[in-house]
Q: 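Attaching a single structure in structure tokens format; questions to follow.
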Amino acid sequence: MSQPGDNHQRALDRFLDEHPEVAAELDTLNPLAAQARGETLAEYRAERLHEAFEAQAERQGLFAWELTLKLTADSCEAFEAQRLEVHKEVAQMAGLSWVEYCQLHDLPG
């Protein structure tokens with residue numbers, strides 16, 4: 001199984017493939033804007049890419065990690081299973097019952 005970082009990179013790559021307008025925008029970033037922020041152009045580009053990815057997740061009503069799962073899952077069913085598994089782990093770590101957690105995050109319980 002690939003590492004979480006590998007999955008996220010695959011999701012970012014697929015996101016760019018599916019959104020050529022974002023890729024075009026990233027390819028035309030002003031190097032002076034990066035310099036003004038004290039970043040290299042690569043760092044500045046990566047930050048803009050993550051912002052676009054997170055905005056896309058939000059438009060879909062997802063967390064960024066959920067969009068990563070969605071873009072890397074083998075099927076819709078696999079995505080839903082993985083998503084619920086992670087949410088259940090988060091609920092446990094937060095000390096919430098599954099019902100409370102589902103109500104909090106508008107998930108089917």
Side-chain angles (χ1 to χ4, degrees):
M1 183 162 196
S2 58
Q3 297 298 315
D6 294 340
N7 279 341
H8 187 63
Q9 187 58 57
R10 285 191 311 124
L12 290 172
D13 293 343
R14 183 167 173 195
F15 171 72
L16 285 174
D17 288 343
E18 293 177 359
H19 297 89
E21 72 284 359
V22 173
E25 184 178 324
L26 292 173
D27 289 341
T28 59
L29 289 173
N30 185 341
L32 295 176
Q35 186 179 17
R37 293 178 60 114
E39 298 173 344
T40 65
L41 185 56
E43 291 168 335
Y44 187 67
R45 183 185 187 282
E47 191 174 323
R48 301 291 79 75
L49 172 57
H50 282 88
E51 287 172 355
F53 188 84
E54 289 175 7
Q56 178 65 23
E58 189 174 311
R59 282 190 292 277
Q60 293 184 25
L62 301 172
F63 292 109
W65 64 264
E66 290 174 305
L67 183 56
T68 295
L69 287 178
K70 185 175 183 180
L71 292 174
T72 58
D74 294 330
S75 66
C76 291
E77 295 80 14
F79 162 65
E80 288 299 332
Q82 292 170 349
R83 179 178 176 242
L84 285 178
E85 182 180 320
V86 173
H87 274 295
K88 286 179 181 178
E89 291 174 10
V90 172
Q92 279 183 326
M93 289 188 302
L96 296 171
S97 74
W98 181 236
V99 172
E100 290 173 310
Y101 184 86
C102 287
Q103 289 172 345
L104 184 65
H105 293 285
D106 198 28
L107 294 171

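Numbering starts at 1 and runs along the sequence shown. These numbers come from a predicted model, not from an experiment.
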Q: Flag the pair Phe53 / Val22 as yes when at least one side-chain heavy-atom distance between them is below 4.5 Å, and no otherwise.
A: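 Phe53 vs Val22: side chains apart.
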Q: Kindly say whether Phe15 contributes a backbone atom to a donor-acceptor pair with the side chain of His19 at under 3.5 angstrom?
A: yes
Q: So, Arg37 and Glu47, do they make that salt bridge, N to O below 4.0 Å?
A: yes
Q: Under a 4.5 Å cut-off applied to non-hydrogen side-chain atoms, are Glu18 and Leu71 in contact?
A: yes
Q: About how many Å separate CG of Leu96 and CG of Leu104, when rounded to the nearest 0.5 Å?
A: 6.5 Å
Q: Should we count CD of Glu39 as having more than 12 external heavy atoms under 6.0 Å?
A: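 Count over threshold, so yes.
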Q: Considering all heavy atoms of both residues, which atom of His8 and which atom of His50 are nearest to each other, and what is their separation?
A: NE2-NE2, 3.4 Å
Q: What are the two closest heavy atoms between Thr72 and Asn7, and how far apart are they?
A: CG2-O, 3.3 Å
Q: With a 6.0 Å cut-off (strictly less than), is the heavy-atom count around CG of Asn30, excluding the residue itself, greater than 12?
A: yes
Q: Excluding sequence neighbours, so at least two apart, what forms ring-ring contact (aromatic ring centres under 6.0 Å, His included) with Tyr44?
A: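 Residues passing ring-ring contact (aromatic ring centres under 6.0 Å, His included) with Tyr44: none at all.
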Q: How long is the gap from CG on Leu84 to CD on Gln82, to the nearest 0.5 Å?
A: 10.5 Å
Q: If you draw a 6.0 Å radius around CG in Asp27, do more than 12 non-hydrogen atoms from other residues or ligands fall strictly inside?
A: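 More than 12 heavy atoms, drawn from other residues, nucleotides or ligands, come within 6.0 Å of this atom.
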Q: To the nearest 0.5 Å, what is the distance between CD (Glu54) and CZ (Phe63)?
A: 11.5 Å
Q: How far apart are the closest heavy atoms of Ala52 and Arg59, and which atoms are they?
A: O-NH2, 4.4 Å
Q: If you measure from CG on Leu49 to CD on Glu51, what distance do you get to the nearest 0.5 Å?
A: 9.5 Å
Q: Of all residues at least two apart in sequence or in a different chain, which pass the side-chain hydrogen bond (donor to acceptor under 3.5 Å, both in side chains) check with Arg83?
A: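 Partners of Arg83 under the side-chain hydrogen bond (donor to acceptor under 3.5 Å, both in side chains) test: Glu66, Glu80.
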Q: Locate the shortest heavy-atom distance separating His87 from Tyr101; write the atom from each residue and the value.
A: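 Taking His87 first and Tyr101 second, the nearest heavy atoms are ND1-OH, 2.7 Å.
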Q: Minimum heavy-atom separation for Lys70 to Leu62, with atom names?
A: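 The pair with the smallest heavy-atom distance is CD-CD1, 4.0 Å.
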Q: Roughly how far, to the nearest 0.5 Å, is CG of Leu26 from CZ of Arg48?
A: 9.0 Å
Q: Answer yes if Met93 and Val99 sit in the same cluster of Ile, Leu, Val, Met, Phe, Trp and Tyr residues linked by side chain heavy atoms under 4.5 Å apart, and no otherwise.
A: no
Q: Does Gln35 have any side-chain hydrogen bond (donor to acceptor under 3.5 Å, both in side chains) partners at least two apart in sequence or in another chain, and if so, which?
A: none
Q: State, to 0.1 Å, how close Gly38 and Glu43 come at their nearest heavy-atom pair, and which atoms those are.
A: O-OE1, 4.5 Å
